[in-house]
S.K.: 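Sending over a structure as structure tokens; questions will come in a sec.
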Amino acid sequence: QVTSFQGAAVRSLCASSPHEHPEHGRLVYKGNLAKAVLGVRFFSYSTSIFNLFMVPYIMLKTGVGFDSLLLQAAFYGVIGFFTFVTPVTLHVLTKGYVIRLYYKDDRDTYTAITYNAILAEKATVFHQKDVKIPDITKMFTTFYAKTKSMLVNPTLFPNPQDYHHLMGYDKSSFYFDLEEGKEAGERK
């Protein structure tokens with residue numbers, strides 16, 4: 001493949017398509033909220049770090065203090081809540097959000113790319129047989145892969161067959177034919 005770049009010819013040695021990853025396989029899903037999740041978590045972490053450094057400085061420089069132990073506990077409780085609880089809550093809610101999902105045909109394995117606690121990409125490799133669908137629909141879980149909850153949007157799969165294979169719907173023994181159901185109803 002030869003591409004022109006500002007008048008110079010550039011030869012690409014990559015034999016696979018842009019949706020192929022040499023280690024993970026074929027790209028079958030790309031989450032549309034990946035940048036938003038990363039941005040919100042980064043903002044939350046940065047404001048927490050800012051609070052950790054600035055609150056003691058502001059308290060010392062301004063001399064703002066409370067004589068009442070109850071007021072001090074309430075003030076530090078509110079500051080602590082926004083400093084520690086918010087980033088932890090955001091991490092718990094978004095840790096299973098799948099940024100990209102790859103599939104290797106030859107091994108029938110998937111690689112889910114998610115963000116870890118320090119906002120680095122984390123790869124989780126699992127087999128299709130490791131996928132478990134929760135009995136009750138959960139808010140931030142589409143399926144479990146080796147006991148790890150994963151969240152994907154089924155409508156973002158370019159090929160619906162990839163989603164059906166991931167969830168195991170293509171191997172289901174349950175088959176319902178609408179026409180057979182109508183005929184059976186008419187006979188009764």
Side-chain angles (χ1 to χ4, degrees), residues 1 12 14-48 84-186:
Q1 178 181 7
S12 173
C14 181
S16 61
S17 74
H19 298 291
E20 287 282 331
H21 190 278
E23 183 181 342
H24 303 309
R26 177 175 56 93
L27 181 68
V28 295
Y29 172 83
K30 188 172 183 181
N32 61 348
L33 296 176
K35 287 183 181 180
V37 167
L38 181 65
V40 167
R41 286 178 64 182
F42 179 77
F43 178 75
S44 177
Y45 286 175
S46 62
T47 57
S48 294
F84 298 109
V85 175
T86 304
V88 170
T89 303
L90 282 173
H91 171 68
V92 168
L93 293 177
T94 62
K95 70 180 179 182
Y97 182 74
V98 177
I99 303 164
R100 291 182 309 279
L101 185 67
Y102 295 95
Y103 176 65
K104 263 197 166 176
D105 293 323
D106 56 343
R107 295 186 183 152
D108 196 26
T109 58
Y110 289 91
T111 303
I113 308 296
T114 58
Y115 290 124
N116 64 11
I118 59 170
L119 303 181
E121 290 186 358
K122 176 185 173 187
T124 304
V125 179
F126 58 94
H127 193 275
Q128 195 283 324
K129 67 181 177 188
D130 298 328
V131 173
K132 303 280 188 269
I133 301 169
D135 294 333
I136 300 171
T137 304
K138 301 203 177 188
M139 187 176 290
F140 296 102
T141 304
T142 307
F143 64 92
Y144 291 100
K146 294 183 178 178
T147 69
K148 183 177 179 184
S149 67
M150 299 282 180
L151 176 66
V152 295
N153 184 348
T155 62
L156 295 179
F157 281 82
N159 183 359
Q161 299 312 101
D162 289 328
Y163 177 72
H164 292 296
H165 182 68
L166 168 70
M167 301 301 278
Y169 297 152
D170 58 347
K171 296 177 183 174
S172 176
S173 61
F174 179 73
Y175 176 73
F176 180 72
D177 187 6
L178 189 58
E179 295 300 320
E180 287 180 16
K182 285 182 182 176
E183 291 173 6
E186 290 172 359

S.K.: Have His165 and Asp170 got a donor and an acceptor in their side chains that come within less than 3.5 Å?
M.R.: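 The answer is yes; a qualifying pair exists.
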S.K.: Which pair of heavy atoms, one from Met167 and one from Gln128, lies closest together, and at what distance?
M.R.: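 The pair with the smallest heavy-atom distance is C-NE2, 3.9 Å.
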S.K.: For the residue pair Ala34 and Tyr97, what are the closest heavy atoms and their distance?
M.R.: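 Between these two residues, the closest heavy atoms are N-CE2, 3.7 Å.
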S.K.: Starting at CG of Leu151, measure out to OG1 of Thr141 and round the result to the nearest 0.5 Å.
M.R.: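 Leu151 CG to Thr141 OG1: 7.0 Å, rounded to 0.5 Å.
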S.K.: Between Lys30 and Leu156 (side chain of the first, backbone of the second, donor and acceptor by atom type, cut-off under 3.5 Å), is there such a pair?
M.R.: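 Between the backbone of Leu156 and the side chain of Lys30 there is no qualifying donor-acceptor contact (under 3.5 Å).
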S.K.: Give the ring-plane orientation class for Tyr163 versus Tyr169, where under 30° counts as parallel, over 60° as perpendicular and anything between as tilted.
M.R.: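 Judged by the thresholds at 30° and 60°, the geometry between Tyr163 and Tyr169 is perpendicular.
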S.K.: Among Asp162, Asp108, Thr111, exactly one meets side chain to side chain donor-acceptor pair (under 3.5 Å) together with Tyr103. Which residue is that?
M.R.: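 With Tyr103 as partner, Asp162, Asp108, Thr111 yield a single side chain to side chain donor-acceptor pair (under 3.5 Å), made by Asp108.
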S.K.: Check whether any side-chain N or O of Thr47 sits under 3.5 Å from a backbone N or O of Phe43 as a donor-acceptor pair, and report yes or no.
M.R.: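 Checked: pair present.
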S.K.: Does the side chain to side chain contact (heavy atoms under 4.5 Å, CB included) test come out yes or no for Met150 and Thr124, once each step is laid out?
M.R.: CA-CA 10 Å; Met150 299 282 180; Thr124 304; 4.0 Å; yes
S.K.: In this structure, are over 12 heavy atoms from other groups packed under 6.0 Å from Asp106 atom CG?
M.R.: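 Yes, enclosed.
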S.K.: Measure from the side-chain N and O atoms of Thr142 to the backbone N and O of Val152, and report whether any donor-acceptor pair falls under 3.5 Å.
M.R.: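 Yes: the side chain of Thr142 pairs with the backbone of Val152.
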S.K.: If you take all heavy atoms of His91 and Asn116, which pair is closest and at what distance?
M.R.: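 Minimum heavy-atom separation between His91 and Asn116: CE1-C, 3.9 Å.
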S.K.: So do the side chains of Ile118 and Tyr45 get within less than 4.5 Å of each other, counting heavy atoms only?
M.R.: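 Answer no - side chains too far apart.
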S.K.: Looking only at non-hydrogen atoms, find the nearest pair between His24 and Ala123 and report the distance.
M.R.: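 In terms of heavy atoms, the two residues are closest at CE1-CB, 4.2 Å.
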S.K.: Test side chain to side chain contact (heavy atoms under 4.5 Å, CB included) on Glu121 and Arg100 and set out the steps.
M.R.: CA-CA 10 Å; Glu121 290 186 358; Arg100 291 182 309 279; 2.8 Å; yes
S.K.: Can you tell me if Lys122 uses its side chain to pair, donor with acceptor, with the backbone of Ala117 under 3.5 Å?
M.R.: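 Checked: no pair found.
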S.K.: Heavy atoms only: give me the nearest Ala112-Phe126 pair and the separation to one decimal.
M.R.: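 So the two residues come closest at CB-CE2, 3.9 Å.
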S.K.: First locate atom CG of Leu101, then atom CZ of Arg26, and finally report the distance between them rounded to the nearest 0.5 Å.
M.R.: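 One finds 10.0 Å between CG of Leu101 and CZ of Arg26.
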S.K.: Side chain to side chain contact (heavy atoms under 4.5 Å, CB included) for Tyr115 and Thr94? Distances and angles first, verdict last.
M.R.: CA-CA 8 Å; Tyr115 290 124; Thr94 62; over 6 Å; no
S.K.: Minimum heavy-atom separation for Val28 to Phe157, with atom names?
M.R.: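 Scanning both residues completely, I find the closest heavy atoms to be O-CD2, 3.3 Å.
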S.K.: Please answer whether the main-chain N or O of Asn153 pairs with a side-chain N or O of Tyr29 as donor and acceptor at a distance below 3.5 Å.
M.R.: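 Checking the backbone N and O of Asn153 against the side chain of Tyr29, a donor-acceptor pair under 3.5 Å is found.
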